[in-house]
Amino acid sequence: IDVDNGSELVSLNVMTWNILADALATDELVTLGGDSENVAWNGNRDVKIGKILTESFINHDMSIVATHENDHPQWLLEEIRKSVPSVDMCILSQGNNDDLPTKYERCYVRRLSHAIVMLDEENDSICPVQCNGETPGCSSKAAKTSSCLRQHYQASNNWFKSADVTTRRALCQKGITCTTNAQEEIATTGNDDINGDDLYIPSAAGTVIYFDTSKVNMLHHQSEHDCVDFKTKVSGVPFTIFAAHLKSGVNLKAEKRRCKQLHKLLSHAHTSLNPIVLMDANSCLQYQQDLQKSMLSVKEDDTKLHEWTTDVIKKYSFVNLVPNEGNECLKLRQYGTDQTEKAGQFMFDTIDKILVRVAPSSSTSVDNNTNSFSSNFLQILSTDTYPSEYYDDYVKLRNTPYLRDALKQMGSDQYWGTDLTPFLLNMKETFATHIKHVCDKESIENNVALEHDISDLISHLFPNSIPSDHPPVGATVVLEHSKLKDTSLVNVENNTPIKAENDRCISKDTTTPMSQKKPSVSSDVIGDGSFEALMKERAKLRKEKDEHSIAELRVSLTNTERSLSREIKRRIESQSYIEKLCEEKVAAMEERLHLVMDNHVKGIQDRLEQLDVKVNDLNIRLEEEKATIPADIAKRSKDIKDMLQSFIDEFSVERKDRLNREGRIMKQLTDHAELLSTQWNEERRSREESVSILTEKLDENDRNRSEADANFSSLVEREVEKLREEIDKESKERTIEDDEIVEALNRYTEHLQNSLSVISTVGN
């Protein structure tokens, strides 16, 4: 963009993000689901962070991305390069092995030792150092002594450096090692030009800059100032990136230390060309207001001549591009944290800053609104980090002391850990109870009402919706590059002023200064030739600049070809490794599938064998019933037949006896007519009594026979019904047999009825 004063304005997008170091994340923050879901690097946080960084280069056209608390720089670089191969990185701050916190070492040792076990499952007790089971990663998995832990930490680093390339590459690609050093980078990228002794041991303040080499060129890393000099690829505009992570803490001592750090950083940035400061300031206006309130009770001598970070920023003519609203860190520390003074502390503050310098005479401006000619804030995430309607309630929680005290007291009473889910159900009532208790205790009125349920507000704490306790913040920064006159520029190599181009164009050893030339009449008409000389000089400079640009393009093309060759080589190696890994995974999956199928088939066979046993038992029982039931039927039929035959025999005897008696009666009637008339009534009575008795006997026999028939029929029907349900064939046979029995009974009954008819006829 050319402006009237002869300057060229070039814009580029930058971003800063504290991605939350593993050592500072474990057992620290309150989440929904615990560390395994939201904090563990290999849970899914690694993929989420890699995705956001990659999308920043693709969707937001980032040129520079500064990451703080980055303990996986190489793994993240490879993750970004999968989609944006032109991205490279520069590590600014390197931790000191002697100053690393014990918790960070423990986290690193546990992860690396677990990775070693996973790579060698046959020896699950592998340990790079003998420590009698007192070191994390050993069988006891307990750190009992600090010296043992430090010994194991150093031995683990030495083991990693001495491991073969395949092992190191496997560890790096999985992102399960906390160390990034030259050996790891060689194993991952295949670049053998890296110094093998350049060991990088990250600390909690590890800062890494990722930059897109297709947009910017890295010129120089000023390690003493933690800054990097760049220039834009097309226009060649130089600029300097400062990345910093200031001291944390909401107290006056921490604020003084932050101011001291800022003085050192901004004093150098102020003299640099197009400085851009990307930092986690760990300070904000709210911090300053809280400290100013707390200083009311401090002695006057302790507060004299004190300055704040905002004062330091204004002093060096810098301005922050990140708005306060919408970019807050929203988190709450659990009560098992090692930082006990921060336990239960609710945080809702914007502490990430992007600073640019604004000179009074500069043509550039800073505006957080959309403006093509000014630096402005750039929204990184496609969605809000928390619902916008919750903002007022979060501000109330942040600025109302008794609400913070009630929240802290509730967390202390319930001893909140990493997983807040079990406490959400009754949180509203519990929070109201604690508010009343705090207000009664301090004799204050509860005049601040939250519009939303406290459980809903707490549910959106970081790192739930995003994989860090900080949101990523970005900005579009406008750089100024003077083309005609810029006497304020400073050489980034030796901090010496750069001479203006006008001086080089006009000042020559053989040329008389224009102010000493004697004016002539012709010069008034056609000029003194200075314009032509200026145009020739500008044309010459433009030609030299074009030739320089062509040379740079050639060098860039050569570097690109080399990078392409290395990338092709790396991709081939990566493809072969992926193919090998896929074959191993497929083989393992086939083995597990075969094992599952074998177990399933074995279970089916066992069930079939049990079914065969049950069927055999049923067949045996059926055979037994088949032999028993016909015999029982035959026996019962024989008994009935014998009983009927006996009755027939008795009936025949009785019939003969009756005939004999009738003969004798007829003879007596003939011979004794007189006697018959006198004895007839008596005989008649006697006969009637006999007939009555006989009839009763016949009725009784008939009833017994009917009951026996009914019982027998009922028994037969039940047995037939059971047999019919068990087997159809047997049921049919029984049906036939039952029909035969019924037919026989009918015949027997018919004979009986015929006999009775005869008896009745005779009796009559």
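FYI, the numbering just counts along the sequence from 1.
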With side chain to side chain contact (heavy atoms under 4.5 Å, CB included) as the criterion, how do Gln345 and Lys408 come out once you've worked through the C-alpha distance, each side chain's angles and the decisive distance to 0.1 Å? CA-CA 7 Å; Gln345 185 182 84; Lys408 189 172 184 178; 5.7 Å; no

Does any N or O in the side chain of [X] come within less than 3.5 Å of the main-chain N or O of [Y], such that one atom is a donor and the other an acceptor?
X: Asp413; Y: Met410; value: no
X: Thr67; Y: Val208; value: yes
X: Arg45; Y: Val39; value: yes
X: Arg258; Y: Lys247; value: yes
X: Asn38; Y: Leu32; value: yes
X: Asp419; Y: Thr421; value: yes

Decide salt bridge (charged side-chain N to carboxylate O under 4.0 Å, His left out) for Lys436 and Asp440; before the verdict, give the C-alpha distance in whole Å, the side-chain angles of both, and the deciding distance to 0.1 Å. CA-CA 6 Å; Lys436 184 177 184 304; Asp440 293 343; 3.1 Å; yes

Between [X] and [Y], what is the shortest heavy-atom contact and its length?
X: Ile354; Y: Val322; result: N-CG2, 3.7 Å
X: Lys353; Y: Ser283; result: CE-O, 3.6 Å
X: His263; Y: Tyr316; result: ND1-OH, 3.1 Å
X: Tyr210; Y: Met89; result: CD2-CB, 3.5 Å
X: Ile52; Y: Pro467; result: CD1-CD, 3.8 Å
X: Ile435; Y: Tyr402; result: CG2-CE1, 4.0 Å

Listed partners of Tyr390 passing ring pair (Phe, Tyr, Trp, His ring centres under 6.0 Å), at least two apart: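 His452, His460.
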
Which distance, rounded to the nearest 0.5 Å, do you find between the [atom1] of [X] and the [atom2] of [Y]?
X: His434; Y: Asp405; atom1: NE2; atom2: CG; result: 11.5 Å
X: Leu246; Y: Cys259; atom1: CG; atom2: SG; result: 9.5 Å
X: Gln334; Y: Asp35; atom1: CD; atom2: CG; result: 7.0 Å
X: His60; Y: Thr476; atom1: NE2; atom2: OG1; result: 10.5 Å
X: Asp212; Y: Ser56; atom1: CG; atom2: OG; result: 10.0 Å
X: Phe348; Y: Cys329; atom1: CZ; atom2: SG; result: 10.0 Å

Over 60° means perpendicular and under 30° means parallel, so tell me whether Tyr394 and Tyr386 are parallel, tilted or perpendicular.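 Judged by the thresholds at 30° and 60°, the geometry between Tyr394 and Tyr386 is perpendicular.
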
Students often mix this up, so state it plainly: with edges at 30° and 60°, are the rings of His68 and His245 parallel, tilted or perpendicular?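 Tilted.
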
Any side-chain donor paired with an acceptor under 3.5 Å for His470 and Asp352?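 Note: His470 and Asp352 side chains meet the donor-acceptor criterion.
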
Please identify which of these residues, Leu321, Leu355, Ile241, meets the side chain to side chain contact (heavy atoms under 4.5 Å, CB included) condition with Ile276.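 The side chain to side chain contact (heavy atoms under 4.5 Å, CB included) with Ile276 is passed solely by Ile241 among Leu321, Leu355, Ile241.
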
Identify the residue among Leu77, Val65, Thr54 that makes a side chain to side chain contact (heavy atoms under 4.5 Å, CB included) with Val87.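 It is Leu77; the other options fail the test.
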
Do the non-hydrogen side-chain atoms of [X] and [Y] ever get within less than 4.5 Å of each other?
X: Met279; Y: Phe242; answer: no
X: Asn464; Y: Ser459; answer: no
X: Lys441; Y: Gln409; answer: no
X: Phe346; Y: Leu461; answer: yes
X: Leu53; Y: Met15; answer: yes
X: Phe423; Y: Thr430; answer: no
X: Leu407; Y: Ile458; answer: yes
X: Thr350; Y: Glu328; answer: yes

Under the criterion side chain to side chain contact (heavy atoms under 4.5 Å, CB included), I'd like the reasoning laid out for Ile313 against Val319: C-alpha separation, chi angles, the key distance, then a yes or no. CA-CA 7 Å; Ile313 293 173; Val319 67; 5.9 Å; no

Passes side chain to side chain contact (heavy atoms under 4.5 Å, CB included), Leu29 versus Leu20? Steps please. CA-CA 11 Å; Leu29 301 175; Leu20 182 60; 4.0 Å; yes

From the options Asp349, Asp469, Thr31, select the one residue that forms a side chain to side chain donor-acceptor pair (under 3.5 Å) with Lys331.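 The passing option is Asp469.
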
Could you walk me through whether Val30 and Tyr335 satisfy the side chain to side chain contact (heavy atoms under 4.5 Å, CB included) test, starting with their C-alpha distance in whole Å, then the side-chain angles of each, then the deciding distance to 0.1 Å, before giving a yes or no? CA-CA 9 Å; Val30 169; Tyr335 283 82; over 6 Å; no

Among all residues two or more places apart in sequence or in another chain, which pass the side-chain hydrogen bond (donor to acceptor under 3.5 Å, both in side chains) test with Asp61?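 Asp61: side-chain hydrogen bond (donor to acceptor under 3.5 Å, both in side chains) contacts with Lys215.
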
Just to verify, what does Asn18 make a side-chain hydrogen bond (donor to acceptor under 3.5 Å, both in side chains) with, not counting sequence neighbours?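 Only Glu69, Asp280 meet the side-chain hydrogen bond (donor to acceptor under 3.5 Å, both in side chains) criterion with Asn18.
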
Salt bridge present between Asp392 and Lys396 (N-O < 4.0 angstrom):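 Not counted as a salt bridge, because no side-chain N and carboxylate O are separated by less than 4.0 Å.
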
Within a 6.0 Å radius of atom CG on Leu425, are there more than 12 heavy atoms belonging to other residues, nucleotides or ligands?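 Open: at most 12 neighbouring heavy atoms sit under 6.0 Å from CG of Leu425.
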
